[in-house]
Protein chains: 2
Amino acid sequence: MAKIKALTNGTKKDSILKNAASLFRKKGFRAASVRELAEMMGVEAPSLYNHIGSKSELLQEICFDVAKDFTAHMKTVLASEKNAAEKTAALIRFHIAKMYNDFDKVYVSDNEWKQLHKAEADDYLARRREYENAFAGIISDGIREKLFTKMHPRIATLTILSALRGLELRQQNKKEFSLKELEENMVRHLINGITI
Amino acid sequence: MAKIKALTNGTKKDSILKNAASLFRKKGFRAASVRELAEMMGVEAPSLYNHIGSKSELLQEICFDVAKDFTAHMKTVLASEKNAAEKTAALIRFHIAKMYNDFDKVYVSDNEWKQLHKAEADDYLARRREYENAFAGIISDGIREKLFTKMHPRIATLTILSALRGLELRQQNKKEFSLKELEENMVRHLINGITI
DNA sequence: CCTACCGATCGGTAGG
DNA sequence: CCTACCGATCGGTAGG
């Protein structure tokens, strides 16, 4: 009765996920069809179901993989000896590098998570809120330590995360500036803007 | 043969557009159905077609209405006597106010324009690029006038516009801070960050 | 991995 | 403004 699931080859599943992230980014999750994804993989649509459970599962794996990375990094930053400004800079750099090196997945996670099924979307949003609260906490520390100017920590958090999440790093941008250049400019801009 | 189109009542069409913007923002354009929109209006789906040409037309009107507003504002700023820092601040304030007062439409325009038909998407993107070029030009002026620090004008533009476009102003945010507070904090953050 | 196929949903039209 | 309905497309399954 139950179909025997092929052993997930690892490489194969990764390849599907990579193509899915690219497709979902370009067209949006709802506009992207499983048939198109199958074509990218060089197989017929039903064949994909030997490797995936559903289209929605692909989005889930993309979103929660990315969320896990950011949450893990936040944990190490919070546990570090850095001061608030250094912590903020480390978080900013991580966002930029992730976006630069793994654009499709991060972009899809940031922009298509609303297409997750309700339970997963709620879970994703909860993690996101937790991340934002931790971020705002660091900003508040910075204000208390007199590193940052007096301001609304939530707004500063919103501003920084908005700038980082909204980054659209097309191929053309990558020709205009390097990752290092992007990092240095953005860190300065976003940190100096709130530094005393 | 040709159906006689009901006179666009104005109020009615505006009401449809408002509901469409709200629906498209919450679910995304592709996931939002004409049937749902009809339900919001209290009619059956086919009845909507006495007021609209197509679902896609609604997205077009939302996106190009918003684009027109931003382009028009850019024109008046460019023609003003302000210096580069003042011009940049004026642009930032306009973005924030628009986002605050017309969240659904601006959000849909920023996040769903990719769902426009190819010709319109290309047109929209071209206008967006023009806007970004004008913005980057002002930043460059600011650097030349020694108001802004030496930096990559494209990256500064990307950072500012990304922060502004990515703003998600839910009801909850509006309780945490006022429009004025948001404006003052963000303008300071994004301008001080590049000011000498 | 494929062929054959299904039920659901969608945008939109005909006709009144 | 409604009822009735259509062609297209979609995610996914059966069965081999």
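Residue numbering restarts at 1 for every chain, and letters A, B, ... go by the order of the sequence lines. The model shown is predicted, which means the values in this text are computed figures rather than measured ones.
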Holding to side chain to side chain donor-acceptor pair (under 3.5 Å), I want the full list of residues that pass it with [X], two or more places apart in sequence or in another chain.
{"X": "B:R154", "result": "B:N133"}
{"X": "A:E61", "result": "A:K13"}
{"X": "B:S109", "result": "B:Y124"}

Expressed as a whole number of angstroms, how long is the span from [X]:[atom1] to [N]:[atom2]?
{"X": "B:Y49", "N": "C:dA14", "atom1": "OH", "atom2": "P", "answer": "13 Å"}
{"X": "A:K55", "N": "D:dG12", "atom1": "NZ", "atom2": "P", "answer": "8 Å"}
{"X": "B:L23", "N": "C:dC10", "atom1": "CG", "atom2": "P", "answer": "11 Å"}
{"X": "A:H117", "N": "D:dG12", "atom1": "NE2", "atom2": "P", "answer": "8 Å"}
{"X": "A:F24", "N": "D:dC10", "atom1": "CZ", "atom2": "C1'", "answer": "13 Å"}
{"X": "B:Q115", "N": "C:dC10", "atom1": "CD", "atom2": "P", "answer": "16 Å"}

Without placing hydrogens or testing angles, list every side-chain donor-acceptor pair under 3.5 Å for residues 33-43 of chain B, not counting sequence neighbours.
unit_1: B:S33; atom_1: OG; unit_2: B:E36; atom_2: N; d: 3.1
unit_1: B:S33; atom_1: OG; unit_2: B:E36; atom_2: OE1; d: 3.4
unit_1: B:E36; atom_1: OE1; unit_2: B:S33; atom_2: N; d: 3.1
unit_1: B:E36; atom_1: OE2; unit_2: B:K27; atom_2: NZ; d: 2.8

_Any base atoms under 4.0 Å from B:S56, or only sugar-phosphate, or nothing? Heavy atoms, all strands._
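If one applies the 4.0 Å heavy-atom cut-off, B:S56 turns out to touch nothing in the nucleic acid.
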_Partner set under side-chain contact (heavy atoms from CB on, under 4.5 Å) for B:D102, not counting sequence neighbours_ = B:K98, B:K105, B:V106
*Among all residues two or more places apart in sequence or in another chain, which pass the side-chain contact (heavy atoms from CB on, under 4.5 Å) test with B:R129?*
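In terms of side-chain contact (heavy atoms from CB on, under 4.5 Å), with neighbours along the sequence ignored, B:R129 is linked to B:L125.
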_Heavy atoms within less than 4.0 Å of DNA chain C: which residues of residues 27-40 of chain B have one? Give them sorted by number._
B:A32, B:S33, B:V34, B:R35
*With sequence neighbours left out, what residues match B:H73 under ring-ring contact (aromatic ring centres under 6.0 Å, His included)?*
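Applying ring-ring contact (aromatic ring centres under 6.0 Å, His included) to B:H73 gives B:F94.
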*Could you name each residue pair satisfying ring-ring contact (aromatic ring centres under 6.0 Å, His included) that touches residues 11-46 of chain B, not counting sequence neighbours?*
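Sorted pair list: B:F24-B:F29.
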*Can you run down the ring-ring contact (aromatic ring centres under 6.0 Å, His included) pairs that involve residues 135-177 of chain B, sequence neighbours left out, and say none if there aren't any?*
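Qualifying pairs, neighbours excluded: A:H152-B:F177, A:F177-B:H152.
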Between N or O atoms, less than 3.5 Å apart, protein on one side and nucleotides 2-4 of chain D on the other: list the pairs.
unit_1: D:dC2; atom_1: OP2; unit_2: B:E44; atom_2: N; d: 2.8
unit_1: D:dC2; atom_1: OP2; unit_2: B:S47; atom_2: OG; d: 2.4

*Dot-bracket, DNA chain D: Watson-Crick or G-U, under 3.5 angstrom, [ ] crossing, | other strand?*
||||||||||||||||
*asked:* I'd like to know if B:D141 pairs up with B:R144 as an ion pair, taking the criterion as any Lys NZ or Arg NE/NH1/NH2 lying under 4.0 Å from an Asp or Glu carboxylate oxygen.
replied: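 Answer for the salt bridge query: yes.
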*A:R188/A:E183 salt bridge by N-O under 4.0 Å criterion*: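 No, this pair does not count.
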